[in-house]
Amino acid sequence: RTVGYDVADSGADKNAIAQFNGGICEYIEEWKAPEDELSKSALRAWSFVDNGKLIYDSIGVGAHVGSTLKAQGYKNHFKFNAGDAVFNPDREYSPKITNKQKFENLKAQAWQDVADRLRNTFNAVNKGMTYELSELISISSDIKEIEALKTELCSPHKDYSKRGLDMVESKKDMAKRGIASPNKADAFIMGACPHLVKSEVRRFVD
């Protein structure tokens, strides 16, 4: 079980968690909380872990999550820094193109990873194509917010860095288009990608 936790920045922004059982997203929850309840929100997110792991947005106000959980004696919580360098940079993403040659940062790599797995799942269901289970992903139809989640997952546009590498449209640019921060989608991406934040490889330290 893996839980992705998107921490609210400020104002109208909301906290969100996405709970995964393997490659299946089984539950989404979103809640509003003021900045003076950051610790309370971190513990609320942890309550969904159930002997699994928590992957949280460590940028900005999310920086406190690790220390809050560590103070309670909790382990198996890992940072997701969207601006980090890509994971396994020298591994080929496609023939003759490595991860570091395609993606500007970890965020772009994670969103593309999920997009690829959603496409694979569509092809498996509709075209009978076969894949390894790790190459598939599913969203439970029992999720009440499923339509909102699907909309958020489709909201950010692909962007490109000055080096011509893949990026995900920034929240500021999305706001200019009148689109709110995709909290549920961000939590979903983190929960779907524990393989990009393996502690034994990246060795995160709070």
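Please read all numbers here as calculations on a predicted model, not as lab measurements.
A single hydrophobic cluster is not seen to contain both Ile146 and Val125; linkage of ILVMFWY side chains at heavy-atom distances under 4.5 Å, directly or through other members, places them apart. Under the 4.5 Å side-chain heavy-atom criterion for grouping Ile, Leu, Val, Met, Phe, Trp and Tyr, Ile139 is not connected to Ile17 through any hydrophobic cluster. By the criterion of side-chain heavy atoms lying less than 4.5 angstrom apart, applied directly or through intervening Ile, Leu, Val, Met, Phe, Trp or Tyr residues, Leu136 is not grouped with Trp111; the two fall into different hydrophobic clusters. Val61 and Leu69 fall within a single hydrophobic cluster, where Ile, Leu, Val, Met, Phe, Trp and Tyr are joined by side-chain heavy atoms under 4.5 Å apart, directly or via other members. Side-chain heavy atoms closer than 4.5 Å link hydrophobic residues (I, L, V, M, F, W, Y) into clusters, and following such links, even through other members, never connects Met167 to Met174.
Atoms NZ and CG, on Lys150 and Leu118 in that order, are 11.0 Å from each other to the nearest 0.5 Å. Annotation: the span from Met129 atom CE to Thr121 atom OG1 amounts to 11.5 Å, rounded to 0.5 Å. Taking CG of Asp142 as the reference point, atom CD1 of Ile28 lies at 13.0 Å (rounded to 0.5 Å). Between the CG atom of Asp6 and the CZ atom of Phe80 there is a distance of 10.5 Å, given to the nearest 0.5 Å. Taken to the nearest 0.5 Å, the CG atom of Asp50 stands 11.5 Å off from the OG1 atom of Thr2. Going from atom OG of Ser140 over to atom CD1 of Ile143 covers 5.5 Å, rounded to the nearest 0.5 Å.
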Does Ile59 form a side chain to side chain contact (heavy atoms under 4.5 Å, CB included) with Asn81? I'd like the steps, not just the answer.
CA-CA 6 Å; Ile59 300 175; Asn81 185 329; 3.4 Å; yes
Could you give me the CA-CA distance, side-chain angles and deciding distance for Phe188 and Leu149, then say whether side chain to side chain contact (heavy atoms under 4.5 Å, CB included) is met?
CA-CA 8 Å; Phe188 182 94; Leu149 173 62; 3.8 Å; yes
Worked check of side-chain hydrogen bond (donor to acceptor under 3.5 Å, both in side chains) between Thr98 and Gln101
CA-CA 5 Å; Thr98 62; Gln101 292 172 326; 3.2 Å; yes
Can His77 and Trp46 be said to form a side chain to side chain contact (heavy atoms under 4.5 Å, CB included), step by step?
CA-CA 9 Å; His77 44 87; Trp46 180 260; 4.1 Å; yes
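Within the 4.5 Å cutoff, no side-chain heavy atoms of Glu29 are placed close to those of Gln19. The closest side-chain heavy-atom distance from Met190 to Tyr5 is not below 4.5 Å. Side-chain atoms of Pro182 and Leu153, non-hydrogen and from C-beta on, never get closer than 4.5 Å to each other. Taking the side chain as every heavy atom from C-beta outward, Val49 and Arg1 never approach each other to under 4.5 Å. Counting only heavy atoms from C-beta outward, the side chains of Ser58 and Val65 never approach each other to under 4.5 Å. Between Val3 and Ile55, every side-chain heavy-atom pair lies at or beyond the 4.5 Å cut-off. Under the 4.5 Å side-chain criterion, counting only non-hydrogen atoms from C-beta, Leu165 is not in contact with Tyr160. When side chains are defined from C-beta on, Tyr74 counts as touching Leu43, because their heavy atoms get closer than 4.5 Å.
Without hydrogens or angle criteria, Ser41 side chain to Leu38 main chain gives no donor-acceptor distance under 3.5 Å.
Taking all atoms of both residues into account, the shortest heavy-atom contact from Ala8 to Asn15 is N-OD1, 3.1 Å. When all heavy atoms of Ala192 and Ile137 are compared, the pair lying nearest together is CB-CD1, 3.7 Å. Scanning all heavy atoms of the two residues, the minimum distance from Leu54 to Ala45 falls at CD1-O, 4.2 Å. Across Ala18 and Cys25, no two heavy atoms sit closer than the pair CB-SG, 4.4 Å. Minimum heavy-atom separation, Lys100 to Asp90: NZ-OD1, 2.8 Å. For the pair Ala110 and Ile189, the tightest heavy-atom approach, listed with the atom from each and the gap, is CB-CG2, 3.6 Å.
Residues Glu152 and Lys184 are paired through a salt bridge, judged by an N-O separation under 4.0 Å between the basic side chain and the carboxylate. Asp113 has a carboxylate O that lies under 4.0 Å from a charged side-chain N of Arg117, or vice versa, which qualifies the two as a salt bridge. No salt bridge links Glu104 with Lys162; every basic N to acidic carboxylate O contact stays at or beyond 4.0 Å. Salt-bridge formation is detected for the pair Lys171/Asp186: a Lys NZ or Arg NE/NH1/NH2 atom is positioned less than 4.0 Å from an Asp or Glu carboxylate oxygen.
Aromatic pair Tyr27/Phe20: ring centres not closer than 6.0 Å. Residues Phe78 and Tyr56 keep their aromatic ring centres 6.0 Å or farther apart. You'll find the ring centres of Tyr93 and Phe103 inside the 6.0 Å limit.
When each of Lys107, Arg177, Lys158 is tested with Glu169 by the rule salt bridge (charged side-chain N to carboxylate O under 4.0 Å, His left out), just one qualifies, namely Arg177.
Heavy atoms of other residues, nucleotides or ligands lying less than 6.0 angstrom from OH of Tyr131 number more than 12.
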